[in-house]
Number of protein chains: 2
Amino acid sequence: MIDVAGLRVMKAIADEGSFTGAAVALGYSQPAVSQMVRRLEQRAGTALVDRVGRTVRLTEAGQTLARRAGEVLSAIDAAEEEVAAIAGLRAGRVRIAAFPSASATLVPKALALVKQRYPEVAVTFTEAEPPESLAALRAGDCDLAIAFAYEGTDVGRGEEDLDVFSTRHLLDDEVLLALPTGHPLASVGVVDIDQLRDATWIAGCPRCRGHLLSMCRSADFSPDVAFETEDYVAVAGLVAAGLGVALIPDLIVRTAHHPGVVTTRVRPASKRQIVAVTTPDLERVPAVAATLDALCEVAHSSELAPTFPAPELDYYL
Amino acid sequence: MIDVAGLRVMKAIADEGSFTGAAVALGYSQPAVSQMVRRLEQRAGTALVDRVGRTVRLTEAGQTLARRAGEVLSAIDAAEEEVAAIAGLRAGRVRIAAFPSASATLVPKALALVKQRYPEVAVTFTEAEPPESLAALRAGDCDLAIAFAYEGTDVGRGEEDLDVFSTRHLLDDEVLLALPTGHPLASVGVVDIDQLRDATWIAGCPRCRGHLLSMCRSADFSPDVAFETEDYVAVAGLVAAGLGVALIPDLIVRTAHHPGVVTTRVRPASKRQIVAVTTPDLERVPAVAATLDALCEVAHSSELAPTFPAPELDYYL
DNA sequence: CGATTCTATAACGTCAGGTTATGCGGCGGG
DNA sequence: CCCGCCGCATAACCTGACGTTATAGAATCG
């Protein structure tokens, strides 16, 4: 029944003392104010202004409306400003869920960039493996999930989610072979997977283990997996102790050196794609978009650019 | 930029958890909600809802809007209710200005009627002679003026106000002749003004005096006005003391008896019109309209009906 | 008393915001 | 596993609220 324009008009009349004054104050024409008042009056069921001669006064109902208009308009302005602040990156929040090795490098750099550009935007961060992070995204518990997919497989959940989510490629993370220092293959440069059909394997997280199996299957053998652990420091320890070899993504290798481990490339080369996942709607939230951009920038920056093909360096876990 | 409908929609979505639910809650169709949200989003510059699968969640900006919507809408509802209360005679105020003899009878009865019918309506009352009461009306210091006009003259001010004001006739108040008890003419019933050409006169308020002069002029004589006072009790005292005769409106006579005074009708009969005056705008204020109605009813009720022509009674001042 | 400056009215254009009809995708039950 | 229901999106369309300009009438002031 009451609309904001009407309140604005009543307040302007109260402030200016005339229809014409209210009109110029609001940027309207005078007849607009005149018939707006008439509309308001017939909706209200009572006179709101008392025109005697050519002076205009508010009636009791009109004064009431004008008085109330103040609080309503300021409340609306506050709401408008609050939303504008979020839209204008002067406020807001982005909740990120990322898997551990992304948490170590990619995410911190990106968040630093966001914080530098938009100091008022709060970014919160949760560590979660891809299946859970996507579940969190779906459940509304986070805004952005950093996930990974080994080549040929999907990101995490059933394929049905690939279209409802909006996925942005960040970088390709090559999968390397981790060998104990001094291992005969350590100096070859590129190791053919077939050379490892009799090796003892140490597997990482379930999906990494799946990838190992699929690689070996391509080479027509089944790996002897003797250890399984989600903790990559433990993997490195096991490799260094000479208990087996392991496939470890490049990104993890860079986060922590382990003096007893050497990495080399593997043939056939395989990599995992690291992606940022969100929903189409959240992608239209400026803070989320800004964070996505920052992630892309960091991913493509030289610091995080894939070191292969530039294989002269060894990477320690 | 933000409109009330939009806030209502956001709040409904927050409450119901779905567009369809919000639509039925608001009495809209579902597409109405859908495109309203889209409009809001492109105005806001950010996504407000996050649709994943077939569930809908509010984004941070959306939650902000929904939360603020509560206070804005309740403020608007309060304003609406306050105005509706005034329009519905559950609140409000009427400021009356009336001349003394109306204050004594007509106004109190009418106000009692108003108070009985609309207990929440506050009626305030100021005593003022017609010229000032109309000035107060014009200045916005009162809503309703009870004034009188002797036949042939206007209500009070220059005639220019007769059209800007809205005038409602209440009753005709016959002007009577006040004589001291025992005066030879006291028993005649109707006294011809011509019989009083040699009398000594006592005049009331300036306008009443004007009326006396004009009556005498019609009878081709000029009255001998020995006393002037605005106080009718004083007039009565003077008449009772045999110091002169006076013209006194019927309405005043009824308010107070004075044992030393008798009243009779005068020929040519003359009366003053008692009118309620307000502005066209204020007439559309329900409380004012109700008060006007009450005044009319009281004026036309038997209690205040003119006792003449039923001249068998004498009235004492 | 005429000029100025108010408000009211008429006539008209436009766009916000509603409707119905329809399509499509997700989720749950047989 | 598929099918049916349910909920959101889109298209096409309609209406009326609300703005405009043009003009008239009335009140105040010099």
Side-chain angles (χ1 to χ4, degrees), chain A residues 1-10 12-13 16-43 47-58 62 135 138-139 157-166 279-281 284, chain B residues 1-10 12-13 16-43 47-58 62 138-140 157-166 279-281 284:
Chain A
M1 167 177 166
I2 286 185
D3 65 340
V4 182
L7 291 178
R8 230 178 274 277
V9 166
M10 288 307 293
I13 293 174
E16 303 292 328
S18 76
F19 284 20
T20 304
V24 304
L26 295 173
Y28 286 167
S29 64
Q30 171 267 315
V33 173
S34 191
Q35 55 197 17
M36 178 59 119
V37 169
R38 185 166 49 184
R39 277 193 294 268
L40 289 174
E41 286 185 332
Q42 62 197 28
R43 284 181 208 164
L48 298 175
V49 301
D50 185 20
R51 305 101 154 149
V52 42
R54 80 182 187 194
T55 70
V56 166
R57 255 190 315 274
L58 295 187
R138 163 167 288 266
R157 320 211 348 137
E159 307 199 11
E160 73 272 7
D161 283 341
L162 280 181
D163 46 353
V164 333
F165 287 144
S166 161
T279 69
D281 282 321
R284 287 164 38 229
Chain B
M1 168 179 165
I2 286 186
D3 65 337
V4 183
L7 292 177
R8 228 177 275 277
V9 166
M10 288 306 294
I13 293 175
E16 303 291 329
S18 76
F19 284 19
T20 303
V24 304
L26 295 173
Y28 286 167
S29 64
Q30 171 265 316
V33 173
S34 191
Q35 55 197 18
M36 179 60 122
V37 169
R38 185 168 49 184
R39 277 193 296 268
L40 289 175
E41 286 185 333
Q42 63 197 27
R43 284 182 208 165
L48 298 176
V49 301
D50 183 20
R51 304 101 154 151
V52 44
R54 78 184 188 193
T55 70
V56 166
R57 257 191 312 274
L58 296 187
R138 161 168 288 264
R157 310 182 30 109
E159 308 198 8
E160 72 272 10
D161 283 342
L162 281 181
D163 45 353
V164 334
F165 288 144
S166 161
T279 69
D281 281 323
R284 288 166 35 231

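Chain A is the first sequence line, chain B the second, and so forth, proteins listed ahead of strands; every chain is numbered from 1. Predicted model, so just to flag it, every value in this text is computed and none were measured.
- Atoms CD (B:Gln42) and P (D:dA9) sit 13 Å apart, rounded to a whole Å.
- Using a 4.0 Å heavy-atom cutoff across all strands shown, B:Thr55 reaches no nucleic acid atom at all.
- Under 4.0 angstrom from either OP1 or OP2 of D:dC8 there lies no side-chain N or O belonging to B:Ser34.
- Put simply, CD on B:Glu41 is 11 Å from P on D:dT10, counting in whole angstrom units.
- In this structure, CD1 in B:Ile2 is found 5.5 Å from CG in B:Leu7, a value given to the nearest 0.5 Å.
- Checking side-chain atoms of A:Asp281 against main-chain N and O of B:Arg51 turns up a donor-acceptor pair under 3.5 Å.
- Between A:Arg51 and D:dA27 there is no side-chain polar atom (N or O) within less than 4.0 angstrom of OP1 or OP2.
- Of the inter-residue distances, the one linking B:Arg43 atom CZ with B:Asp3 atom CG reads 5.0 Å to the nearest 0.5 angstrom.
- Using modelled atom types, no side-chain atom of A:Asp50 and backbone atom of A:Arg57 make a donor-acceptor pair closer than 3.5 Å.
- When the side-chain nitrogen and oxygen atoms of B:Arg138 are compared with OP1 and OP2 of D:dT28, one or more of them lie within a distance under 4.0 Å.
- Contacts of B:Ser18 with the nucleic acid, taken as non-hydrogen atoms under 4.0 Å apart, involve only primed sugar atoms and P, OP1 or OP2.
- Separating the CD atom in A:Glu41 from the CE atom in A:Met36 is a distance of 12.5 Å, to the nearest 0.5 Å.
- Atom CD of A:Gln42 is separated from atom CG of A:Leu48 by 11.0 Å, given to the nearest 0.5 angstrom.
- In this entry the distance linking CZ of B:Arg57 with P of C:dG26 reads 15 Å, nearest Å.
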Every protein N/O within reach of nucleotides 16-19 of chain C N/O, cut-off under 3.5 Å:
from   : atom 1 : to      : atom 2 : distance (Å)
C:dG17 : OP1    : B:Asp3  : OD2    : 2.9
C:dG17 : OP2    : B:Arg39 : NE     : 3.1
C:dG17 : OP2    : B:Arg43 : NH2    : 2.6
C:dG18 : OP1    : B:Tyr28 : OH     : 3.2
C:dG18 : OP2    : B:Arg39 : NH2    : 3.4
C:dG18 : N7     : B:Gln35 : NE2    : 3.0
C:dT19 : OP2    : B:Ser29 : N      : 3.0
C:dT19 : OP2    : B:Ser29 : OG     : 2.6
C:dT19 : O4     : B:Gln35 : NE2    : 3.2

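- If you take CZ of B:Arg284 and P of C:dA8, they are 10 Å apart, rounded to a whole angstrom.
- In the interface, the side chain of B:Arg54 is paired with the base of D:dC6 through a donor and an acceptor atom under 3.5 Å apart.
- The CE atom of B:Met10 sits 7.0 Å away from the CG atom of B:Leu40 when rounded to the nearest 0.5 Å.
- Counting to the nearest Å, the C1' atom of D:dA9 and the CD1 atom of B:Ile13 are 14 Å from each other.
- Atom P of nucleotide C:dA8 and atom CG of B:Asp281 are separated by 8 Å, given to the nearest angstrom.
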